Amino acid sequence: MKPFFIYNTLSRKVEEFVPLHPGVVTYYSCGPTVYLPQHLGNMRSYLFTDTLKRALRLNGYEVRHVMNITDVGHMTSDQDAGEDKIEKTARAEGRSPKEVADYYTELFIHNLEMLRIEKPTVPPGQFCRATEHIPDMIALIQRILDRGYAYVVHSGVYFDVEKWRGPGRMGRLSRQSLEEQFAEQRLEHASDKRSKHDFALWVLNQPGHLMQWDSPWGRGYPGWHIECSAMSMKYLGETLDIHSGGLDHVPIHHENEIAQSESATGKPFVRYFVHNAFLVGMEGAKISKSSGRFPVLADLVAVGIDPIAFRLFCFGAKYRSELAFSLDAVRAAQRNLDYLTEFARGVPDGIAHGADSDWPQPYFERFHEALNNDLNTPQALAVVLDLVGESYRRNDKRIWNTLARMDTVLGVDFEGIRRRAASERLPAEIEALRAQRDEARKKKDFARSDALRNELLARGYEVKDTPAGTVVQRRN
RNA sequence: GGCGGCGUACCCAAGUGGUUAAGGGAGAGGUCUGCAAAACCUCCAUUCAGCGGUUCGAAUCCGCUCGCCGCCUCCA
């Protein structure tokens, strides 16, 4: 078994990954807040999660993965009051918060499917909705209260940061002291919190808020960190192997999650924190929802790019590096996908079902090692392309099983492509055009032959005159 | 103000102390082909923002300068 290395934000080092329980990895990744479509930057993050899961599985681990969907609770401004983003959208669109959340949840899942991102495994194929875990959150808040790390005032239940100070506590992840974090606080807080550092676990007395639940402290709604702690611990236990999310979550969200979780359980919350860098746009600026305009997957599809090309595009950069988005760069990935697709279509059943040659094995080793080296997907992708190129050169396509194993992480679906191509039937009219063209070529009537080729192309079919005969296939 | 990151060819992007600086896209030439497509071959950074330093040796470590960006407010 090869060791698997991953960068741990807690230590700021690449570490060998060793799970708490042999053979099993407990993994929680932060999911979306569903009030707008997920943009390409968000999708990069979920692709990273997917790649991590798949790479762990390649190493023989069973991955118990939980992902949340936040359908309540995030404020447009901090201080735990303000307007809930879902409610904001609801008002703007004249719908109920639930309708908004359901709509964007569905859209999100559809996007995942297009990118062939696997769904969480705990519960199987399900996402954990915050609104369905209110009792779990209340129970966790009660635990924190019981241990004296929270207090109740008029505006809500707050986590008592002052009590939780000390070495290895607040600031452990971000490496900033509270004073540093709040050195230039841009928002005034007008509440009855004991300290400006305290954050809400449960918000009370916000009558304007649409989504409210009963609690031991009164009617209200959860603070925006508590759902992740409650749901992750409910399904995965009090200590998780891996917790991932965007880099922006390091200083506040994950810091607070650690505080509220560890104060409640007295145990380490997360063993490996993993954070992905952003997709950036022009001039390296972050693509984000709050910045207004942002590209979504549908925009790529609209200009003829396969979602899987975006998958390969993201595979082409390390998850910890910013990735510069441009249509040109995504088109380059589309060319890679076309190349791989072309190869897969040309592999016959006999080879696909037979054994591989010996020579591809080292390629798999290199692929595996690249992934185990802190998920070096660009190198892994380079190996895949090398392997296919070498197969062409040797005129030996007996690499199919090797490719299939790589595909468990790459996610191109080589076998699906191959099978679809193999079972493809040409419509009668296309078949007729092909026959006419063959006839014309036989007579060396190349003008007519070329005209027929153009006709086929116009109808979406490619013509290739190979030594083995003419092949007509639908353009992918 | 604090914390953090980045700057590698026309574009995207690996490499982070030691063979000729991965890979892809674009571009140029070639093989094959009636032509085309596909595929393959060749070429395409004596150089890693700049300047100093450490070292036998640096794109990789240190310092300074310039430029860009992120977080500290909901954010992947």
Side-chain angles (χ1 to χ4, degrees), chain A residues 12 29-33 35-36 38-49 70 73-79 82-85 88 171 174-177 179-187 224 244-253 275-280 283-291 294 312-313 316-336 338-339 342-343 345-346 370 376-386 388-389 391-393 395 441 444-447 449-450 453-454 457 462-467 471 473 475:
Chain A
R12 306 271 165 113
S29 62
C30 284
T33 306
Y35 64 98
L36 282 176
Q38 299 300 303
H39 56 64
L40 291 175
N42 297 130
M43 298 323 291
R44 181 191 186 198
S45 188
Y46 304 124
L47 279 168
F48 153 66
T49 293
T70 302
H74 284 199
M75 304 297 112
T76 50
S77 67
D78 195 21
Q79 305 320 313
E83 194 174 18
D84 184 306
K85 285 188 165 178
K88 187 179 172 189
S174 63
R175 306 246 166 138
Q176 280 187 287
S177 70
E179 286 68 25
E180 283 170 340
Q181 278 194 40
F182 290 84
E184 185 176 305
Q185 201 170 31
R186 294 186 217 164
L187 291 168
W224 75 277
S244 75
L247 216 45
D248 51 343
H249 281 329
V250 172
I252 299 290
H253 186 50
H275 295 95
N276 64 281
F278 299 120
L279 183 70
V280 297
E283 279 127 37
K286 174 186 171 188
I287 291 170
S288 72
K289 286 177 186 166
S290 47
S291 69
F294 49 85
L312 289 185
F313 168 69
K318 284 204 64 176
Y319 74 95
R320 284 199 288 128
S321 298
E322 284 184 346
L323 172 57
F325 174 79
S326 72
L327 219 43
D328 277 354
V330 176
R331 288 211 170 97
Q334 177 72 55
R335 297 283 299 127
N336 282 161
D338 291 344
Y339 176 75
E342 182 66 23
F343 179 84
R345 296 173 72 130
N376 194 327
T377 52
Q379 279 186 356
L381 179 59
V383 173
V384 173
L385 295 170
D386 279 352
V388 172
S391 170
Y392 273 121
R393 256 169 258 132
N395 194 23
R441 285 189 75 220
K444 305 234 183 261
D445 182 356
F446 295 123
S449 159
D450 289 349
R453 178 169 58 206
N454 288 335
L457 203 58
E462 270 176 340
V463 179
K464 294 175 192 171
D465 298 315
T466 71
V471 176
Q473 59 184 204
R475 296 194 67 189

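Just so it is clear, the structure is predicted and the values come from calculations on it, not from any experiment. Every chain is numbered from 1 and lettered A, B, ... according to where its sequence line falls, protein lines coming before strand lines.
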Thr377(A) side, atom OG1; Phe48(A) side, atom CZ - distance, nearest 0.5 Å: 10.0 Å
Watson-Crick and G-U pairing of RNA chain B, under 3.5 Å, as dot-bracket with | and [ ]: ((((((((.[[[..)..(....]]].(((((.......))))).....[[[[[..)....]]]]])))))))....
Nucleotide nearest Ala324(A) when distance is taken to its side chain, options A14(B), C69(B), A13(B): A13(B)
Arg453(A) side chain, from C-beta outward: closest of C12(B), A36(B), A76(B): A36(B)
Candidate nucleotides A13(B), A76(B), G25(B), ranked by approach to the side chain of Asn336(A) - the nearest: G25(B)
From A76(B), A22(B), A38(B), nucleotide with atom closest to Asn42(A) side chain: A76(B)
Euclidean distance for C1', G7(B) against C56(B) (whole angstrom): 29 Å
Side-chain heavy atoms of Arg320(A) within contact of His275(A), under 4.5 Å: no
Value in whole Å for how far the C1' atom of A13(B) lies from CZ of Arg331(A): 19 Å
Reported CD-to-NZ distance for the pair Glu342(A) and Lys464(A), which is rounded to 0.5 angstrom: 3.0 Å
Check: Asn42(A) side chain, His39(A) main-chain N or O, donor-acceptor pair, under 3.5 Å: yes
Spatial distance of atom OG (Ser244(A)) from atom OH (Tyr46(A)) [nearest 0.5 Å]: 10.0 Å
Trp224(A) and His249(A) aromatic ring geometry - parallel, tilted or perpendicular at 30°/60° bounds: tilted
Sugar-phosphate only, base, or nothing, as touched by Tyr46(A) at under 4.0 Å among non-hydrogen atoms: sugar-phosphate
Separation between the C1' atoms of G24(B) and A14(B), rounded to whole Å: 11 Å
Taking every non-hydrogen atom, the tightest pair across Glu322(A) and Ala277(A): N-CB, 3.7 Å
Value in whole Å for how far the P atom of G5(B) lies from CG of Leu279(A): 21 Å
Pairwise P distance, U55(B) and A22(B) [rounded to whole Å]: 29 Å
Any N/O donor-acceptor pair, Asp248(A) side-chain to G70(B) base, under 3.5 Å: no
N/O donor-acceptor pair, side chain Arg44(A) with base A76(B), under 3.5 angstrom: no
Distance, nearest 0.5 Å, that separates CD of Gln334(A) from CG of Asp328(A): 13.0 Å
Interatomic distance where CG belongs to Leu327(A) and P belongs to G25(B) [whole Å]: 17 Å
Whole-Å C1' distance, G50(B) and U42(B): 35 Å
Separation of Leu323(A) CG from Phe313(A) CZ (nearest 0.5 Å): 3.5 Å
Atom pair distance, as rounded to whole Å: CG in Asn395(A) and C1' in A39(B): 10 Å
Rounded P spacing from G5(B) to C11(B) in Å: 25 Å
Ser449(A) vs G34(B): side-chain N/O to OP1/OP2 distance below 4.0 Å: no
Sugar-phosphate only, base, or nothing, as touched by Lys318(A) at under 4.0 Å among non-hydrogen atoms: sugar-phosphate
Atom-pair distance (CG on Leu323(A); C1' on C11(B)), nearest Å: 12 Å
Pairwise C1' distance, G25(B) and C64(B) [rounded to whole Å]: 37 Å
Atom-to-atom span, NE2 of His275(A) to P of C6(B) - whole angstrom: 17 Å
Minimum-distance nucleotide (side-chain atoms of Ala329(A) versus A14(B), A76(B), C12(B)): C12(B)
N or O in side chain of Arg335(A) less than 4.0 angstrom from A26(B) OP1/OP2: yes
Touch class at under 4.0 angstrom, heavy-atom based, for Leu385(A) against every strand present: sugar-phosphate
Distance, rounded to the nearest Å, where Leu381(A) contributes CG and A14(B) contributes C1': 11 Å
Contact summary for Tyr339(A) and Tyr392(A), nearest pair of heavy atoms: OH-CD1, 3.8 Å
Which residue lies more 5' along RNA chain B, comparing Ala277(A) with Gln379(A) via nearest heavy atoms: Gln379(A)
Pairwise P distance, A45(B) and U73(B) [rounded to whole Å]: 48 Å
Any Asn376(A) side-chain N or O less than 4.0 Å from OP1/OP2 of G15(B): yes
Interatomic distance at C1', C43(B) relative to A26(B), whole Å: 14 Å
Separation of C6(B) P from Arg320(A) CZ (nearest whole Å): 9 Å
Pair of N/O donor and acceptor under 3.5 Å linking C35(B) base with Asp465(A) side chain: yes
Please list each protein N or O that sits under 3.5 Å from an N or O in nucleotides 40-42 of chain B, with the distance.
| residue | atom | partner | partner atom | Å |
| --- | --- | --- | --- | --- |
| C40(B) | OP1 | Tyr339(A) | OH | 2.7 |
| C40(B) | O3' | Arg393(A) | NE | 3.1 |
| C41(B) | OP1 | Arg393(A) | NE | 2.4 |

Ser449(A) to Arg441(A) - nearest heavy-atom pair and separation: OG-CG, 3.2 Å
Interatomic spacing from CZ in Phe294(A) to CG in Leu40(A) - rounded to 0.5 Å: 10.0 Å
